[in-house]
There are 2 protein chains.
Amino acid sequence: MKSKTEDLRPNGRPGRALDAFDRTILAALSTDARLTYAEIGERAGLSAPAVHERVRRLRESGVLQGTTACLDARAIGKPFLAFVHVDADGWGKSQRMMTLRRFPEVEEMHSVAGDTCVILKVRTQDAQAMEHFLSQLYVLPGVRGTKSYVVLSTYLERAIQPEVTAHWPEVPLPPE
Amino acid sequence: MKSKTEDLRPNGRPGRALDAFDRTILAALSTDARLTYAEIGERAGLSAPAVHERVRRLRESGVLQGTTACLDARAIGKPFLAFVHVDADGWGKSQRMMTLRRFPEVEEMHSVAGDTCVILKVRTQDAQAMEHFLSQLYVLPGVRGTKSYVVLSTYLERAIQPEVTAHWPEVPLPPE
DNA sequence: CATGAAATGAGGACCTG
DNA sequence: CAGGTCCTCATTTCATG
(Lines give C-alpha, C1' and ligand atoms only; values in the text may rest on other atoms or scores of the structure.)
Protein backbone atom coordinates (compact mmCIF):
# COMPACT_ATOMS: atom_id res chain seq x y z
CA MET A 1 0.00 0.00 0.00
CA LYS A 2 2.53 2.49 1.05
CA SER A 3 6.18 2.14 0.38
CA LYS A 4 8.31 4.21 2.65
CA THR A 5 11.33 2.16 1.79
CA GLU A 6 13.23 4.69 -0.21
CA ASP A 7 15.67 5.90 2.37
CA LEU A 8 18.85 5.25 0.47
CA ARG A 9 20.40 8.64 0.17
CA PRO A 10 24.10 9.37 0.15
CA ASN A 11 23.23 12.73 1.63
CA GLY A 12 23.98 11.66 5.15
CA ARG A 13 23.62 15.03 6.84
CA PRO A 14 19.99 16.00 7.03
CA GLY A 15 18.59 12.74 8.31
CA ARG A 16 16.51 10.91 5.78
CA ALA A 17 15.43 11.93 2.34
CA LEU A 18 12.00 13.28 1.55
CA ASP A 19 9.34 10.77 0.66
CA ALA A 20 6.24 11.33 -1.45
CA PHE A 21 4.25 12.47 1.61
CA ASP A 22 6.81 15.14 2.42
CA ARG A 23 6.89 16.41 -1.13
CA THR A 24 3.10 16.58 -1.28
CA ILE A 25 3.00 18.49 2.00
CA LEU A 26 5.67 20.91 0.82
CA ALA A 27 3.92 21.42 -2.49
CA ALA A 28 0.69 22.20 -0.68
CA LEU A 29 2.36 24.65 1.68
CA SER A 30 4.07 26.18 -1.31
CA THR A 31 0.73 27.14 -2.84
CA ASP A 32 -0.78 28.35 0.44
CA ALA A 33 1.15 28.42 3.68
CA ARG A 34 -2.01 28.89 5.74
CA LEU A 35 -3.63 25.65 4.68
CA THR A 36 -5.07 23.62 7.53
CA TYR A 37 -3.21 20.49 8.55
CA ALA A 38 -6.46 18.64 7.93
CA GLU A 39 -6.67 20.08 4.41
CA ILE A 40 -3.06 19.16 3.70
CA GLY A 41 -3.69 15.71 5.08
CA GLU A 42 -6.64 15.34 2.77
CA ARG A 43 -4.40 16.00 -0.22
CA ALA A 44 -1.61 13.82 1.04
CA GLY A 45 -3.67 10.99 2.46
CA LEU A 46 -2.66 11.54 6.06
CA SER A 47 -4.35 12.60 9.27
CA ALA A 48 -3.92 16.07 10.65
CA PRO A 49 -1.58 15.06 13.49
CA ALA A 50 0.58 13.12 11.07
CA VAL A 51 0.91 16.18 8.87
CA HIS A 52 1.65 18.26 11.93
CA GLU A 53 4.43 15.93 12.98
CA ARG A 54 5.96 15.88 9.51
CA VAL A 55 5.81 19.65 9.19
CA ARG A 56 7.55 19.93 12.54
CA ARG A 57 10.33 17.63 11.36
CA LEU A 58 10.61 19.44 8.05
CA ARG A 59 11.01 22.71 9.90
CA GLU A 60 13.52 21.18 12.29
CA SER A 61 15.63 19.72 9.51
CA GLY A 62 15.70 23.04 7.69
CA VAL A 63 13.94 21.81 4.57
CA LEU A 64 11.02 24.08 5.41
CA GLN A 65 12.78 27.31 6.22
CA GLY A 66 9.71 29.38 6.91
CA THR A 67 6.57 30.86 5.46
CA THR A 68 6.09 34.29 4.01
CA ALA A 69 3.42 36.56 2.56
CA CYS A 70 3.35 37.48 -1.10
CA LEU A 71 2.71 41.20 -1.38
CA ASP A 72 1.80 43.46 -4.26
CA ALA A 73 4.90 45.50 -4.94
CA ARG A 74 3.02 48.53 -6.24
CA ALA A 75 0.58 48.51 -3.35
CA ILE A 76 3.33 48.72 -0.77
CA GLY A 77 5.06 51.49 -2.65
CA LYS A 78 8.00 49.68 -4.25
CA PRO A 79 7.18 49.39 -7.93
CA PHE A 80 10.71 49.93 -9.20
CA LEU A 81 12.59 46.67 -9.70
CA ALA A 82 16.03 46.09 -11.18
CA PHE A 83 18.65 43.40 -11.49
CA VAL A 84 22.05 44.88 -10.76
CA HIS A 85 25.19 43.16 -12.01
CA VAL A 86 28.11 44.07 -9.80
CA ASP A 87 31.67 43.89 -11.01
CA ALA A 88 34.03 43.72 -8.07
CA ASP A 89 37.43 42.74 -6.73
CA GLY A 90 37.91 40.22 -3.97
CA TRP A 91 34.31 39.42 -3.24
CA GLY A 92 35.20 35.84 -2.55
CA LYS A 93 36.48 36.11 0.95
CA SER A 94 35.06 39.36 2.14
CA GLN A 95 31.99 39.41 4.30
CA ARG A 96 31.50 42.91 3.05
CA MET A 97 28.90 41.47 0.77
CA MET A 98 26.79 40.84 3.85
CA THR A 99 26.68 44.56 4.44
CA LEU A 100 24.11 44.68 1.71
CA ARG A 101 21.76 42.59 3.81
CA ARG A 102 21.09 45.72 5.81
CA PHE A 103 19.46 47.32 2.79
CA PRO A 104 15.82 46.24 2.77
CA GLU A 105 15.64 46.99 -0.95
CA VAL A 106 18.02 44.12 -1.70
CA GLU A 107 15.93 40.97 -2.05
CA GLU A 108 18.46 38.65 -3.60
CA MET A 109 22.20 38.39 -3.82
CA HIS A 110 24.06 35.72 -5.73
CA SER A 111 27.63 35.24 -6.83
CA VAL A 112 27.59 33.97 -10.38
CA ALA A 113 29.80 32.63 -13.13
CA GLY A 114 29.93 34.77 -16.23
CA ASP A 115 30.97 38.25 -17.20
CA THR A 116 29.97 39.66 -13.82
CA CYS A 117 30.63 38.76 -10.19
CA VAL A 118 27.40 39.33 -8.29
CA ILE A 119 23.77 39.69 -9.26
CA LEU A 120 21.48 41.69 -7.00
CA LYS A 121 17.71 41.91 -7.15
CA VAL A 122 16.82 45.37 -5.90
CA ARG A 123 13.33 46.81 -5.38
CA THR A 124 12.78 50.46 -4.54
CA GLN A 125 10.13 53.13 -4.48
CA ASP A 126 11.34 54.81 -7.65
CA ALA A 127 14.31 55.57 -9.85
CA GLN A 128 15.64 58.12 -7.40
CA ALA A 129 15.73 55.60 -4.57
CA MET A 130 17.50 53.19 -6.91
CA GLU A 131 20.08 55.80 -7.73
CA HIS A 132 20.62 56.43 -4.05
CA PHE A 133 21.13 52.72 -3.44
CA LEU A 134 23.66 52.50 -6.25
CA SER A 135 25.57 55.41 -4.80
CA GLN A 136 25.74 53.52 -1.51
CA LEU A 137 26.89 50.46 -3.39
CA TYR A 138 29.83 52.27 -4.92
CA VAL A 139 31.03 53.23 -1.47
CA LEU A 140 31.89 49.62 -0.76
CA PRO A 141 35.55 48.82 -1.39
CA GLY A 142 36.20 46.58 -4.34
CA VAL A 143 33.20 47.61 -6.39
CA ARG A 144 34.49 48.32 -9.86
CA GLY A 145 31.20 48.96 -11.57
CA THR A 146 27.58 47.97 -12.02
CA LYS A 147 25.23 47.24 -14.88
CA SER A 148 21.53 47.54 -14.13
CA TYR A 149 18.60 45.91 -15.89
CA VAL A 150 15.44 47.81 -15.05
CA VAL A 151 12.36 45.60 -15.07
CA LEU A 152 9.61 46.83 -17.39
CA SER A 153 7.07 44.10 -16.70
CA THR A 154 7.04 41.12 -14.39
CA TYR A 155 5.31 38.20 -16.07
CA LEU A 156 6.02 35.57 -13.46
CA GLU A 157 7.29 35.56 -9.91
CA ARG A 158 6.76 32.51 -7.73
CA ALA A 159 8.41 30.32 -5.15
CA ILE A 160 10.38 27.14 -5.68
CA GLN A 161 8.23 24.46 -7.20
CA PRO A 162 8.89 21.14 -5.46
CA GLU A 163 8.52 18.25 -7.84
CA VAL A 164 5.87 16.00 -6.34
CA THR A 165 6.44 13.31 -8.90
CA ALA A 166 9.86 12.23 -7.79
CA HIS A 167 11.66 11.35 -10.96
CA TRP A 168 15.01 12.27 -9.61
CA PRO A 169 16.10 10.12 -6.65
CA GLU A 170 17.53 6.98 -8.15
CA VAL A 171 20.93 6.99 -9.76
CA PRO A 172 20.50 6.33 -13.46
CA LEU A 173 23.13 3.64 -13.52
CA PRO A 174 21.79 0.77 -15.62
CA PRO A 175 22.95 -2.44 -13.93
CA GLU A 176 24.26 -4.41 -16.86
CA MET B 1 -8.01 37.05 -14.07
CA LYS B 2 -6.58 40.33 -13.01
CA SER B 3 -5.41 42.98 -15.38
CA LYS B 4 -2.00 44.44 -14.89
CA THR B 5 -3.26 47.93 -15.35
CA GLU B 6 -4.94 48.57 -12.07
CA ASP B 7 -5.18 51.37 -9.60
CA LEU B 8 -2.01 53.32 -9.72
CA ARG B 9 -3.26 56.00 -7.37
CA PRO B 10 -5.78 55.93 -4.56
CA ASN B 11 -8.98 56.33 -6.57
CA GLY B 12 -11.03 56.39 -3.45
CA ARG B 13 -12.88 53.06 -3.41
CA PRO B 14 -10.55 50.42 -4.86
CA GLY B 15 -8.40 50.72 -1.79
CA ARG B 16 -7.27 53.59 0.26
CA ALA B 17 -3.62 53.81 1.11
CA LEU B 18 -2.09 51.54 3.70
CA ASP B 19 -1.75 52.95 7.17
CA ALA B 20 0.86 52.07 9.76
CA PHE B 21 -1.28 49.21 11.10
CA ASP B 22 -1.53 47.62 7.67
CA ARG B 23 2.19 47.89 7.07
CA THR B 24 2.97 46.39 10.47
CA ILE B 25 0.60 43.51 9.78
CA LEU B 26 2.12 42.91 6.35
CA ALA B 27 5.63 43.07 7.75
CA ALA B 28 4.71 40.50 10.38
CA LEU B 29 3.13 38.16 7.86
CA SER B 30 6.18 38.64 5.70
CA THR B 31 8.41 37.17 8.38
CA ASP B 32 6.03 34.33 9.25
CA ALA B 33 2.81 33.75 7.38
CA ARG B 34 1.50 31.37 10.05
CA LEU B 35 1.55 33.90 12.85
CA THR B 36 -1.58 34.01 14.97
CA TYR B 37 -3.87 36.98 14.59
CA ALA B 38 -3.43 37.57 18.29
CA GLU B 39 0.36 37.55 17.90
CA ILE B 40 0.16 39.98 15.01
CA GLY B 41 -2.18 42.15 17.01
CA GLU B 42 0.30 42.22 19.83
CA ARG B 43 2.94 43.64 17.53
CA ALA B 44 0.59 46.09 15.89
CA GLY B 45 -1.35 47.17 18.94
CA LEU B 46 -4.67 45.76 17.76
CA SER B 47 -7.09 43.09 18.89
CA ALA B 48 -7.19 39.75 17.12
CA PRO B 49 -10.53 40.39 15.40
CA ALA B 50 -9.30 43.75 14.20
CA VAL B 51 -6.26 42.12 12.65
CA HIS B 52 -8.50 39.49 11.14
CA GLU B 53 -10.67 42.10 9.48
CA ARG B 54 -7.69 44.00 8.14
CA VAL B 55 -6.08 40.87 6.75
CA ARG B 56 -9.37 40.02 5.06
CA ARG B 57 -9.46 43.43 3.41
CA LEU B 58 -5.82 43.25 2.43
CA ARG B 59 -6.46 39.92 0.75
CA GLU B 60 -9.58 41.22 -0.94
CA SER B 61 -7.84 44.30 -2.29
CA GLY B 62 -5.00 42.19 -3.68
CA VAL B 63 -2.29 43.77 -1.56
CA LEU B 64 -1.83 40.43 0.19
CA GLN B 65 -1.71 38.06 -2.74
CA GLY B 66 -1.10 34.88 -0.81
CA THR B 67 1.29 33.01 1.43
CA THR B 68 3.97 30.55 0.51
CA ALA B 69 6.56 28.27 2.06
CA CYS B 70 10.28 28.93 1.80
CA LEU B 71 12.02 25.68 0.93
CA ASP B 72 15.64 24.59 0.91
CA ALA B 73 16.53 24.25 -2.75
CA ARG B 74 19.11 21.52 -2.20
CA ALA B 75 16.84 19.50 0.04
CA ILE B 76 14.14 19.30 -2.59
CA GLY B 77 16.61 18.36 -5.26
CA LYS B 78 16.94 21.58 -7.26
CA PRO B 79 20.36 23.00 -6.36
CA PHE B 80 21.17 24.36 -9.80
CA LEU B 81 20.15 27.98 -10.23
CA ALA B 82 20.78 30.32 -13.14
CA PHE B 83 19.67 33.67 -14.47
CA VAL B 84 19.03 33.39 -18.18
CA HIS B 85 19.07 36.50 -20.34
CA VAL B 86 16.95 35.93 -23.42
CA ASP B 87 17.48 37.87 -26.60
CA ALA B 88 14.38 37.72 -28.74
CA ASP B 89 12.29 39.27 -31.49
CA GLY B 90 8.75 40.46 -30.97
CA TRP B 91 8.33 39.52 -27.33
CA GLY B 92 6.21 42.56 -26.73
CA LYS B 93 2.91 41.41 -28.09
CA SER B 94 3.24 37.68 -28.09
CA GLN B 95 1.75 35.65 -25.28
CA ARG B 96 4.23 33.00 -26.22
CA MET B 97 6.19 34.12 -23.23
CA MET B 98 3.46 32.66 -21.09
CA THR B 99 4.30 29.26 -22.46
CA LEU B 100 7.23 29.32 -20.11
CA ARG B 101 4.88 29.38 -17.15
CA ARG B 102 4.31 25.71 -17.79
CA PHE B 103 7.92 24.96 -16.90
CA PRO B 104 8.07 24.55 -13.14
CA GLU B 105 11.79 25.35 -13.24
CA VAL B 106 11.05 28.94 -14.27
CA GLU B 107 10.52 30.94 -11.11
CA GLU B 108 10.69 34.45 -12.47
CA MET B 109 10.24 36.14 -15.79
CA HIS B 110 10.73 39.83 -16.41
CA SER B 111 11.02 41.97 -19.48
CA VAL B 112 13.82 44.43 -18.92
CA ALA B 113 15.51 47.47 -20.37
CA GLY B 114 19.12 46.95 -21.31
CA ASP B 115 21.16 44.80 -23.65
CA THR B 116 18.72 41.91 -23.33
CA CYS B 117 14.96 41.46 -23.62
CA VAL B 118 13.91 39.04 -20.91
CA ILE B 119 15.47 37.78 -17.70
CA LEU B 120 14.49 34.36 -16.42
CA LYS B 121 15.27 32.84 -13.05
CA VAL B 122 15.54 29.12 -13.62
CA ARG B 123 16.13 26.41 -11.02
CA THR B 124 16.78 22.81 -11.95
CA GLN B 125 18.12 19.58 -10.57
CA ASP B 126 21.45 19.86 -12.33
CA ALA B 127 23.30 21.19 -15.34
CA GLN B 128 21.81 18.55 -17.60
CA ALA B 129 18.28 19.58 -16.72
CA MET B 130 19.24 23.19 -17.34
CA GLU B 131 20.59 22.27 -20.75
CA HIS B 132 17.35 20.49 -21.53
CA PHE B 133 15.36 23.55 -20.53
CA LEU B 134 17.48 25.78 -22.74
CA SER B 135 16.94 23.46 -25.67
CA GLN B 136 13.19 23.80 -25.11
CA LEU B 137 13.62 27.56 -24.92
CA TYR B 138 15.26 27.73 -28.33
CA VAL B 139 12.26 25.98 -29.84
CA LEU B 140 10.14 29.07 -29.22
CA PRO B 141 9.90 31.34 -32.25
CA GLY B 142 11.70 34.64 -31.93
CA VAL B 143 14.40 33.47 -29.56
CA ARG B 144 17.66 34.73 -30.98
CA GLY B 145 19.95 33.67 -28.19
CA THR B 146 20.51 33.33 -24.48
CA LYS B 147 23.21 34.22 -21.99
CA SER B 148 23.19 32.31 -18.73
CA TYR B 149 24.64 33.30 -15.39
CA VAL B 150 25.06 30.21 -13.25
CA VAL B 151 24.72 30.94 -9.55
CA LEU B 152 27.70 29.80 -7.50
CA SER B 153 26.45 30.89 -4.08
CA THR B 154 23.24 32.47 -2.89
CA TYR B 155 23.97 34.95 -0.13
CA LEU B 156 20.49 36.38 0.26
CA GLU B 157 17.03 35.46 -0.94
CA ARG B 158 14.00 36.93 0.73
CA ALA B 159 10.56 38.34 0.08
CA ILE B 160 9.58 41.95 -0.44
CA GLN B 161 10.34 44.01 2.61
CA PRO B 162 7.45 46.36 3.35
CA GLU B 163 8.69 49.59 4.85
CA VAL B 164 6.98 49.88 8.19
CA THR B 165 8.33 53.34 8.80
CA ALA B 166 6.44 55.14 6.11
CA HIS B 167 8.92 57.63 4.74
CA TRP B 168 7.63 57.33 1.22
CA PRO B 169 4.11 58.64 0.70
CA GLU B 170 4.54 62.37 0.46
CA VAL B 171 6.80 64.21 -1.89
CA PRO B 172 9.80 65.56 0.02
CA LEU B 173 9.88 68.83 -1.83
CA PRO B 174 12.00 71.31 0.07
CA PRO B 175 10.34 74.73 0.28
CA GLU B 176 11.55 76.91 -2.57
C1' DC C 1 -17.83 37.97 23.73
C1' DA C 2 -19.40 33.32 22.33
C1' DT C 3 -19.23 29.37 19.46
C1' DG C 4 -17.28 26.21 16.30
C1' DA C 5 -12.96 24.73 14.35
C1' DA C 6 -8.11 23.88 14.42
C1' DA C 7 -3.74 22.94 16.70
C1' DT C 8 -1.35 20.00 19.68
C1' DG C 9 -0.33 16.32 23.20
C1' DA C 10 -0.85 11.28 24.81
C1' DG C 11 -1.53 6.50 24.20
C1' DG C 12 -1.94 2.36 21.49
C1' DA C 13 -1.50 -0.37 16.92
C1' DC C 14 0.93 -1.43 12.70
C1' DC C 15 4.77 -1.90 9.57
C1' DT C 16 9.71 -2.24 8.85
C1' DG C 17 14.29 -3.80 9.62
C1' DC D 1 12.46 -7.40 19.16
C1' DA D 2 13.37 -2.45 18.56
C1' DG D 3 12.42 1.88 16.19
C1' DG D 4 9.56 4.67 13.95
C1' DT D 5 5.20 6.45 12.12
C1' DC D 6 0.42 6.53 11.95
C1' DC D 7 -4.33 6.81 13.89
C1' DT D 8 -7.93 7.96 17.45
C1' DC D 9 -9.19 10.69 21.21
C1' DA D 10 -9.02 14.67 24.44
C1' DT D 11 -7.78 19.34 25.68
C1' DT D 12 -6.24 23.91 24.82
C1' DT D 13 -5.98 27.63 21.70
C1' DC D 14 -7.59 30.15 17.84
C1' DA D 15 -10.71 31.91 14.08
C1' DT D 16 -14.77 34.25 13.22
C1' DG D 17 -19.72 36.11 13.40
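Source: prediction; values computed, not measured.
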Is a side-chain N or O of [X] found less than 3.5 angstrom from the main chain of [Y], in a donor-acceptor match?
| X | Y | result |
| --- | --- | --- |
| B/Tyr149 | A/Asp115 | no |
| A/Arg34 | B/Ala33 | yes |
| B/Thr154 | B/Leu156 | no |
| B/Arg158 | A/Arg101 | yes |

message: Please identify which of these residues, A/Val106, A/Val151, A/Leu81, meets the side-chain contact (heavy atoms from CB on, under 4.5 Å) condition with A/Lys121.
response: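 Exactly one candidate clears the test, A/Leu81.
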Give the rounded distance in Å between these two atoms: [atom1] of [X] and [atom2] of [N].
| X | N | atom1 | atom2 | value |
| --- | --- | --- | --- | --- |
| B/Ile40 | D/dT13 | CD1 | P | 19 Å |
| A/Arg54 | D/dT5 | CZ | P | 8 Å |
| A/Leu46 | D/dT8 | CG | C1' | 15 Å |
| A/Arg56 | C/dA10 | CZ | P | 12 Å |
| A/Asp22 | D/dC6 | CG | C1' | 14 Å |

query: Are OP1 or OP2 of D/dG4 and a side-chain N or O of A/Arg57 less than 4.0 angstrom apart?
result: no
field: Under 4.0 Å protein heavy-atom contacts per nucleotide of nucleotides 1-8 of chain C, with B for base, S for backbone only and - for none
entry: B----SSS
- request: For B/Leu29 and B/Leu64, work out which heavy atoms get closest and say how close.
  value: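 Here B/Leu29 and B/Leu64 meet closest at CD1-CD2, 3.9 Å.
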